[in-house]
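This report concerns only the one structure given below.
Along the sequence shown, residues carry numbers from 1.
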Amino acid sequence: MCAMKLLTDLRANVSMYKDWIVSWRAMPVRSWMRAAQAYRVGNFDAAVELYRRGLQSNPSSPARVNALLDLSHCLFRLRRFDEAERALRQASVAAPNEREVFVRLARLQLWLGHSSEAAWTVRSCLQKVPADPELVALFINAAVESGGQPHLVQEAKALLAGIHYEPEAFPRLEVARLRLELLLSDSLEARDDLAKLATADRGPFEAVVSFAQLLIREDKLAYARHHLHRALSVSPEHPRVLRLLATSYLQNGIFFEPEYAIQLATKACQATGWRGVNEMHTLAQAYVATGDKVSALLIASKARDTGRRLLGSFPDSGQLDRLIERLSTGTQA
């Protein structure tokens with residue numbers, strides 16, 4: 001049995017080496033091959049060390065950018081977001097016209113709630129590659145989540161006007177378009193179209209979450225939670241979903257459960273590595289609702305400090321400043 005396994009492993013390694021040479025027209029980097037194996041089985045700590053070892057010893061390998069992309073994903077899975085972002089920025093320097101690098105960086109920034117930075121990343125990409133439905137959708141979502149900053153909204157509208165697509169073929173772009181329309185007006189038609197996409201079998205994730213957010217604003221909390229739990233079944237640690245679910249438990253009425261909101265908002269903060277300003281703001285509000293003003297002030301202050309280091313402003317910065325002022329006065333009293 002041992003001899004058979006050794007023979008099988010040898011054949012597999014020979015096959016991998018051949019595939020590598022065909023793909024990259026270069027000698028294989030053994031540490032990256034071992035890293036890829038660790039990556040596939042979910043051993044991300046080991047994969048990170050192996051990718052870094054290969055990057056240090058093979059600075060001019062044609063597979064360097066791919067190694068950086070894989071390294072970033074492993075770091076993301078380990079919630080080491082600063083390092084994941086650095087790996088992607090290294091990749092963007094090594095391959096300044098590589099679309100995938102910018103897409104991944106923008107998606108990471110949106111995960112953290114850094115929407116203005118995500119918009120800037122997509123804008124940089126669009127200066128180098130043609131617009132396509134995925135890039136336009138990313139930019140529009142970043143513009144909407146930034147709170148609708150006028151210059152971003154104008155760019156989003158211009159990008160949308162310049163691209164022709166069939167909604168059925170590109171549902172994510174259609175969701176982004178509807179989000180933008182709802183940001184700019186109370187269009188019943190846009191709301192109905194978003195509801196159809198959200199309630200469809202295997203509806204787009206973004207449609208489900210965006211519709212749930214709309215339902216919370218309409219005070220339809222039970223229905224909103226139904227959709228948020230659908231979203232969590234797809235992405236159990238998504239910070240925006242966890243944050244919105246926490247928000248639903250902070251609404252006055254029969255669904256008011258601030259202690260549970262603290263649990264959910266804490267998980268949301270952890271999912272961003274405590275870099276999510278919106279998630280920390282929601283956690284601070286949850287602490288206020290339980291009467292824990294000291295914890296609320298600590299978290300709100302951390303949220304404000306984090307927000308000040310970001311590009312542009314975040315939607316609720318004024319509300320956060322007023323919360324801190326009120327808590328500071330109350331704490332001193």
Side-chain angles (χ1 to χ4, degrees), residues 75-76 79-86 88-89 105-123 138-153 179 183 206 209-210 212-213 216-217 228 231 235 237-250 258 261-289 292-328:
L75 291 165
F76 176 86
R79 295 183 177 177
R80 291 158 62 177
F81 299 118
D82 287 339
E83 295 172 76
E85 185 170 341
R86 279 198 295 274
L88 288 170
R89 292 196 183 281
L105 179 56
R107 290 198 180 283
L108 170 60
Q109 290 164 332
L110 284 172
W111 177 274
L112 298 174
H114 301 173
S115 49
S116 294
E117 295 189 345
W120 181 267
T121 296
V122 179
R123 182 192 288 134
L138 276 172
F139 189 89
I140 294 173
N141 283 325
V144 171
E145 289 175 29
S146 74
Q149 295 177 42
H151 66 286
L152 293 181
V153 168
R179 293 186 74 195
L183 175 73
E206 190 56 57
V209 181
S210 299
Q213 187 170 11
I216 290 174
R217 289 203 295 268
L228 290 170
S235 184
E237 296 185 339
H238 199 291
R240 184 172 163 224
V241 179
L242 290 166
R243 170 172 59 83
L244 288 172
L245 199 53
T247 300
S248 77
Y249 285 98
L250 292 175
I262 288 175
Q263 294 178 35
L264 290 165
T266 301
K267 284 182 67 177
C269 291
Q270 291 168 343
T272 68
W274 295 91
R275 289 185 60 192
V277 177
N278 297 315
E279 286 70 27
M280 287 188 281
H281 188 186
T282 299
L283 179 57
Q285 291 171 319
Y287 276 124
V288 169
D292 187 347
K293 294 184 178 180
V294 173
S295 296
L297 180 59
L298 286 171
I299 296 297
S301 299
K302 181 175 175 61
R304 183 176 61 184
D305 292 343
T306 301
R308 285 174 173 170
R309 293 194 293 270
L310 297 177
L311 183 68
S313 61
F314 58 97
D316 296 328
S317 58
Q319 187 182 359
L320 181 61
D321 287 339
R322 289 190 293 275
L323 174 64
I324 291 170
E325 184 180 354
R326 191 169 72 249
L327 288 169
S328 298

Exercise. Could you pull out all residues at least two apart from R123 that satisfy salt bridge (charged side-chain N to carboxylate O under 4.0 Å, His left out)?
Key: E155
Self-check item: Separation of L244 CG from L228 CG (nearest 0.5 Å)
Solution: 5.5 Å
Exercise. Identify the heavy atoms of A106 and A118 that sit nearest to each other, and give their distance.
Key: O-CB, 3.8 Å
Self-check item: Under the salt bridge (charged side-chain N to carboxylate O under 4.0 Å, His left out) test, residues paired with R308 that sit two or more places apart
Solution: none
Quiz prompt | ring-ring contact (aromatic ring centres under 6.0 Å, His included) against F76, all qualifying residues, sequence neighbours excluded | solution = F81, W111
Quiz item: Are Q319 and L323 side-chain neighbours, meaning at least one heavy-atom pair lies under 4.5 Å?
Solution: no
Quiz prompt | Any R179 side-chain heavy atom under 4.5 Å of N141 side chain | solution = yes
Practice problem: Would you give the length of the straight line joining atom CG of L297 to atom CG of D292, rounded to the nearest 0.5 angstrom? | Solution: 10.5 Å
Quiz item: Who passes side-chain contact (heavy atoms from CB on, under 4.5 Å) against A231, sequence neighbours left out?
Solution: F205, V208, V209, V241
Practice problem: Report the distance from atom CH2 of W120 to atom OG of S115, rounding to the nearest 0.5 Å. | Solution: 15.0 Å
Practice problem: Could you tell me whether the side chain of S210 reaches within less than 4.5 Å of the side chain of E145, counting heavy atoms only? | Solution: no
Quiz prompt | Shortest non-hydrogen contact from A300 toward I324 | solution = O-CD1, 3.4 Å
Quiz prompt | Any residue meeting side-chain contact (heavy atoms from CB on, under 4.5 Å) with E237, in chain and number order, not counting sequence neighbours | solution = R79
Exercise. To the nearest 0.5 Å, tell me how far S116 OG sits from L310 CG.
Key: 8.0 Å
Which pairs of donor and acceptor atoms, one on a side chain in residues 279-288, lie under 3.5 Å apart (sequence neighbours left out)?
residue	atom	partner	partner atom	Å
E279	OE2	R243	NE	3.2
T282	OG1	N278	O	3.1

Exercise. Applying salt bridge (charged side-chain N to carboxylate O under 4.0 Å, His left out), name anything that partners R322, two or more places apart in sequence or on another chain.
Key: none
Practice problem: Taking side chain to side chain donor-acceptor pair (under 3.5 Å) as the test, write out the residues that go with T121, two or more places apart. | Solution: Q109
Self-check item: Reported OG1-to-OH distance for the pair T247 and Y249, which is rounded to 0.5 angstrom
Solution: 12.0 Å
Quiz item: How close do L250 and A289 get, heavy atom to heavy atom, and via which atoms?
Solution: CD2-CB, 3.9 Å
Quiz item: Residues in salt bridge (charged side-chain N to carboxylate O under 4.0 Å, His left out) with E85, at least two apart?
Solution: R89, R275
Exercise. Using modelled atom types only, decide if a donor and an acceptor are shared between the side chain of S146 and the backbone of A143 within a distance under 3.5 Å.
Key: yes
Self-check item: Those residues that, when tested against L183, pass side-chain contact (heavy atoms from CB on, under 4.5 Å) (two or more places apart)
Solution: V144, V153, L180
Practice problem: Return the set of residues passing side chain to side chain donor-acceptor pair (under 3.5 Å) with R304 (not counting sequence neighbours), or none when no residue passes. | Solution: none
Quiz item: Within a strict 4.5 Å, meaning less than it, do heavy atoms of the L320 and S317 side chains meet?
Solution: no
Self-check item: Residue pairs fulfilling salt bridge (Lys or Arg N to Asp or Glu O under 4.0 Å) with at least one residue in residues 109-121, sequence neighbours excluded
Solution: none
Quiz item: How far does CD1 of I299 sit from SG of C269, to the nearest 0.5 angstrom?
Solution: 6.5 Å
